[in-house]
Each structure stands twice: as structure tokens, then as C-alpha cells.
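Side-chain atoms are counted along with the backbone in the values below, which use heavy atoms only and exclude waters and symmetry mates.
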Amino acid sequence: QVQLVESGGGLVQTGGSLRLSCAASGRTFSGGSMGWFRQAIGAERMFVAAISWAGGSSTYADSVKGRFTISRDNAKNTVALQMNSLKPEDTAVYYCASVRSLLSGARREAYDYEYWGQGTQVTVSS
């Protein structure tokens with residue numbers, strides 16, 4: 001069993017930055033993927049970014065490309081999401097997700113993920 005805990009959410013003004021972190025309590029496999037998803041009030045949960053655990057290849061939603069950066073620390077079993085140039089439309093609960101797999105590649109679909117964190121609120125004001 002893997003437990004994921006997000007931290008780093010908060011309230012910022014438009015144009016500000018936040019860094020989210022996700023700590024995994026259990027062991028992660030080299031071929032796995034970790035990702036970030038977000039869900040705004042009244043909206044569906046949507047993909048934000050993902051990174052492959054072994055190779056570190058990353059992928060991003062079009063809405064955050066150039067502004068967000070995902071990274072991982074294999075030794076610490078953590079993944080981070082650096083969010084810059086934040087916009088009000090980035091306001092959402094952000095969830096960390098993880099899947100253990102022998103396959104390579106960062107996963108973009110929620111159904112690919114096996115473990116989920118509780119979420120952390122990000123609010124961007126004007």
C-alpha cells in the first residue's frame with residue numbers, strides 16, 4: 001500500500017508562484033509514473049502534469065505548459081509541482097497520484113493511477 005500526502009497549497013495573487021509537494025510513504029517502482037491532477041468546484045478532475053519515475057520524462061496539460069514544472073526526488077520518494085505565473089483559472093484542489101508499473105512513460109489518464117493523495121487547495125486571486 002502506498003500513501004500520498006500533498007502539501008504546499010495556499011492563496012496567491014495572479015502572477016504568483018506556489019510549489020506543491022507530494023510525499024509517498026511506500027516504496028515506488030522504477031517503472032512507475034507520478035502525476036498531478038486538479039479539480040475545480042463544479043468541474044471534472046483534469047490532468048495537469050506527470051513524470052516517469054525512472055527516466056524523468058514529463059508531460060503537461062496545454063493549459064499549464066511553460067508555467068508549471070514537475071520534478072521528482074527518487075531518494076525521498078517525492079514529487080513536486082512548481083507553479084509559476086498563476087492565473088485565477090488555476091484555482092482548484094490539486095491531487096497527487098502514483099502508479100507502480102514496469103512500463104515506462106508518464107501517464108496522463110486518471111484511470112492509469114492506483115494511489116491518490118487527499119488533495120491540497122490552491123486559490124489564485126486577482
Side-chain angles (χ1 to χ4, degrees):
Q1 183 176 343
V2 175
Q3 184 178 97
L4 305 176
V5 180
E6 303 97 333
S7 62
L11 173 64
V12 297
Q13 270 196 307
T14 297
S17 298
L18 282 174
R19 183 177 178 85
L20 306 183
S21 295
C22 175
S25 62
R27 177 178 175 271
T28 55
F29 297 159
S30 61
S33 177
M34 297 190 72
W36 288 96
F37 294 76
R38 66 187 183 186
Q39 186 170 22
I41 297 175
E44 297 180 334
R45 186 170 299 187
M46 300 181 66
F47 171 77
V48 177
I51 188 167
S52 62
W53 199 244
S57 60
S58 59
T59 182
Y60 299 88
D62 289 341
S63 59
V64 306
K65 285 182 178 178
R67 300 188 298 120
F68 291 10
T69 303
I70 189 171
S71 61
R72 85 273 195 259
D73 187 329
N74 298 58
K76 296 181 178 180
N77 284 339
T78 59
V79 62
L81 184 69
Q82 179 66 45
M83 306 186 295
N84 299 325
S85 301
L86 284 163
K87 306 173 181 179
E89 44 265 49
D90 295 319
T91 296
V93 176
Y94 284 69
Y95 297 90
C96 176
S98 176
V99 61
R100 298 186 179 190
S101 175
L102 296 177
L103 301 177
S104 62
R107 305 295 176 178
R108 298 173 61 93
E109 296 79 24
Y111 62 76
D112 282 333
Y113 287 90
E114 193 172 7
Y115 305 100
W116 293 82
Q118 82 289 347
T120 185
Q121 177 70 48
V122 171
T123 303
V124 185
S125 63
S126 300

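- Within the structure, no pair that satisfies the disulfide (SG to SG under 2.5 Å) test touches residues 44-73, not counting sequence neighbours.
- The structure places CE of Met34 at 10.0 Å from CG of Asn74, a figure rounded to the nearest 0.5 Å.
- For the pair Trp36/Ile51, no side-chain contact is recorded, criterion being any heavy-atom separation below 4.5 Å from C-beta on.
- Val12 has its side chain out of reach of Met83: every pair of non-hydrogen atoms, C-beta onward, lies at least 4.5 Å apart.
- With hydrogens and angles disregarded, no donor-acceptor distance shorter than 3.5 Å links the side chain of Arg72 to the backbone of Ser33.
- The ring pair (Phe, Tyr, Trp, His ring centres under 6.0 Å) analysis of residues 57-94, with sequence neighbours excluded, yields no pairs.
- For the salt bridge (charged side-chain N to carboxylate O under 4.0 Å, His left out) condition, the pairs that include at least one residue of residues 48-63, sequence neighbours left out, are Asp62-Lys65.
- Remark: Ala97 pairs with Phe37, Tyr113, Trp116 by the side chain to side chain contact (heavy atoms under 4.5 Å, CB included) rule, at least two apart or across chains.
- The closest donor-acceptor contact from the side chain of Ser85 to the backbone of Arg67 lies at 3.5 Å or more, if one exists at all.
- For residues 31-55, the set of pairs meeting the salt bridge (charged side-chain N to carboxylate O under 4.0 Å, His left out) definition, not counting sequence neighbours, comprises Arg38-Asp90.
- Listed by chain and residue number, Ser17, Gln82 satisfy the side-chain hydrogen bond (donor to acceptor under 3.5 Å, both in side chains) test with Asn84 (two or more places apart in sequence, or in another chain).
- Side-chain contact between Leu4 and Cys22: present, with at least one pair of heavy atoms (C-beta onward) separated by less than 4.5 Å.
- The distance from the CG atom of Leu86 to the OG1 atom of Thr14 is 8.5 Å, given to the nearest 0.5 Å.
- Sequence neighbours left out, not one pair with a member in residues 103-121 passes salt bridge (charged side-chain N to carboxylate O under 4.0 Å, His left out).
- Residues passing the side chain to side chain contact (heavy atoms under 4.5 Å, CB included) test with Ser57, sequence neighbours excluded: Ser52.
- With sequence neighbours excluded, no residue forms a side-chain hydrogen bond (donor to acceptor under 3.5 Å, both in side chains) with Tyr115.
- Pairs engaging residues 15-26 under the salt bridge (charged side-chain N to carboxylate O under 4.0 Å, His left out) rule: none recorded [sequence neighbours left out].
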List the atom pairs, with distances to 0.1 Å, where a side-chain N or O of residues 118-126 and a protein N or O form a donor-acceptor pair under 3.5 Å, not counting sequence neighbours.
unit_1	atom_1	unit_2	atom_2	d
Gln118	NE2	Glu6	O	3.4
Gln118	NE2	Glu6	OE1	3.3
Thr120	OG1	Gly9	N	3.3
Gln121	NE2	Ala92	O	3.4
Gln121	NE2	Thr123	OG1	3.3

